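Working notes, beginning with the structure itself.
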Amino acid sequence: MESILKHAHSGMRWFALGLLIYAVVNAIMKKKNGTYTDNDKLVSILTLSLVHLQVVIGFVLYFIEGKYKLFSQMSDSVSRMYALEHPLTMLIAAVLVTIGHSKSKKAAEDGKKFKHTYVFFGLALFLILIRIPWPFLTPGAAWF
Ligand code: HEM
Ligand code: HEM
C-alpha cells in the first residue's frame, strides 16, 4: 500500500506539472483577446483536482512514513526537505491553485479569468518546481 501511494505520488508530479504549465502558457496567450471556453475551464478543474489529490496522498505518506520524526534532525538538508520544506511549500502552492481557480471562476470578464489563472497557477508552479525533491536537489530522490 505504502509503495503504491509512493509511486502514485511520485509519478503524478509529471501530470500535475504538465497541466500547470499548459494552463499558465495557455492563459498568458489568451489573456488579451481570447475567449474562455469549456476547455479552459476543464483544464483548470483538472489541475486543481490533481494538485488536491497530490496533497491528500502526500499527507497520508507523511504520516505512515513517520516523516514528522525527522524534525529532530533539522540540520540535515534531506530530513528538513521531507519533514518541513516539501510539505509546507506544496501546501502553499495548493492553496494558491485553489484561490486561482476560485477567482477565475468568479471573474466576469474572460481577460480577468485568464489573468487569475496565470498569476496564481504561475506562482504555484514556481513553488512546486523549487521544492519537489528532485534527484539533483535531494540525494535518494527518484525521477518518477
Ligand atoms: C503539488 C503537490 C505535491 C507534489 C507535486 C509532490 C511531489 C513529490 C515528489 C515528486 C516526490 C519525490 C518522490 C520520489 O523521490 O520518488 C515527493 C515525495 C514526498 N512527498 Fe510530495 N508532493 C506534493 C505534496 C506533498 C504534501 C502536501 C506532502 C505532505 C504533507 C507530501 C509528502 C511527501 C513525502 C512524505 C514524500 C516522500 C515519499 C518517499 O519517497 O518516501 N507531498 N513529492
Ligand atoms: C482534504 C482534502 C481536500 C481539501 C481540503 C480540498 C479543498 C477544496 C476547496 C476549498 C475547494 C473549493 C474551490 C472553489 O470553490 O473554487 C475544492 C474544490 C475542488 N476540489 Fe478539493 N480538496 C480536497 C481534496 C480533493 C481531492 C482528493 C480531489 C480529487 C481528486 C479534489 C478535487 C476538487 C475539485 C474537482 C474541486 C472543484 C472544482 C470546481 O468545480 O470548481 N479535492 N477543494
Side-chain angles (χ1 to χ4, degrees), residues 1-31 34 36-108 110-144:
M1 187 61 188
E2 182 180 327
S3 151
I4 294 173
L5 288 178
K6 203 168 141 168
H7 285 98
H9 187 77
S10 184
M12 254 176 7
R13 90 182 88 179
W14 298 110
F15 296 99
L17 285 173
L19 275 167
L20 272 168
I21 291 167
Y22 177 82
V24 171
V25 171
N26 179 60
I28 290 174
M29 289 194 316
K30 291 177 81 175
K31 71 177 169 182
Y36 196 88
T37 61
D38 282 348
N39 188 59
D40 297 318
K41 195 169 153 187
L42 182 65
V43 169
S44 186
I45 292 176
L46 284 179
T47 311
L48 175 74
S49 349
L50 213 58
V51 171
H52 279 181
L53 189 58
Q54 278 295 85
V55 171
V56 171
I57 298 178
F59 268 100
V60 174
L61 281 171
Y62 190 84
F63 288 104
I64 62 181
E65 291 180 343
K67 296 294 186 199
Y68 49 86
K69 292 179 193 147
L70 299 173
F71 268 103
S72 59
Q73 3 180 320
M74 277 300 161
S75 54
D76 172 54
S77 67
V78 175
S79 301
R80 198 168 57 239
M81 170 62 104
Y82 289 113
L84 185 64
E85 295 174 357
H86 175 67
L88 186 61
T89 311
M90 298 297 142
L91 192 61
I92 296 170
V95 168
L96 289 171
V97 168
T98 309
I99 296 175
H101 173 79
S102 184
K103 276 185 170 283
S104 163
K105 196 163 72 176
K106 285 185 196 130
D110 288 1
K112 286 260 166 64
K113 287 179 178 288
F114 288 123
K115 187 174 178 199
H116 292 311
T117 301
Y118 75 74
V119 169
F120 287 93
F121 283 26
L123 226 74
L125 175 62
F126 172 74
L127 290 178
I128 292 171
L129 283 175
I130 61 169
R131 270 303 168 266
I132 273 181
W134 298 109
F136 52 83
L137 185 69
T138 309
W143 284 110
F144 41 78

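In what follows, residues are counted from 1 in the order of the sequence shown. Predicted model only: the values in this text are computed from it and were never measured.
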For the student: nearest non-hydrogen atoms of [X] and [Y], plus distance:
X	Y	answer
Leu129	Trp134	O-NE1, 2.8 Å
Arg13	Gln54	N-NE2, 3.9 Å
Ala124	Ala93	CB-O, 3.5 Å
Ala107	Lys112	CB-CB, 3.7 Å
Ile57	Ala8	CD1-CB, 4.5 Å
Met81	Pro133	CE-CA, 4.0 Å

Distance, nearest 0.5 Å, that separates [atom1] of [X] from [atom2] of [Y]:
X	Y	atom1	atom2	value
Gln73	Tyr82	CD	OH	13.5 Å
Phe63	Tyr68	CZ	OH	7.5 Å
Tyr118	Phe114	OH	CZ	11.5 Å
Ser104	Tyr36	OG	OH	3.5 Å
Leu19	Asn26	CG	CG	11.5 Å
Thr89	Ile132	OG1	CD1	11.0 Å

Do [X] and [Y] make a side-chain contact, defined as non-hydrogen atoms from C-beta onward lying under 4.5 Å apart?
X	Y	value
Leu96	Phe121	no
Lys6	Glu65	yes
Tyr22	Thr47	no
Leu127	Arg131	no
Ile128	Leu20	yes
Arg80	Ser77	yes
Leu84	Met74	yes

Can you label the angle between the His116 ring and the Phe120 ring as parallel, tilted or perpendicular, going by 30° and 60°?
tilted
Classify the ring geometry of Trp143 against Phe136: parallel below 30°, tilted from 30° to 60°, perpendicular beyond 60°.
tilted
Validate the cation-pi geometry between Lys67 and Tyr62: distance from NZ or CZ to the six-membered ring centre under 6.0 Å, angle to the ring axis within 45°.
no
Please determine whether side chain to side chain contact (heavy atoms under 4.5 Å, CB included) holds for the pair Leu5 and Glu2, giving the CA-CA distance in whole Å, both sets of side-chain angles, and the decisive distance to 0.1 Å.
CA-CA 5 Å; Leu5 288 178; Glu2 182 180 327; 5.9 Å; no
Just checking Ile4: does its CD1 atom have more than 12 heavy atoms from other residues, nucleotides or ligands closer to it than 6.0 angstrom?
no
Crowding at CZ, Phe15 (>12 non-hydrogen neighbours, <6.0 Å):
no
Go through Thr37 and Lys30 one step at a time and tell me if the side chain to side chain contact (heavy atoms under 4.5 Å, CB included) criterion holds.
CA-CA 11 Å; Thr37 61; Lys30 291 177 81 175; 4.1 Å; yes
Using distance alone, with no hydrogens and no angle criterion, decide if Thr98 and His52 have a side-chain donor and acceptor under 3.5 Å apart.
yes
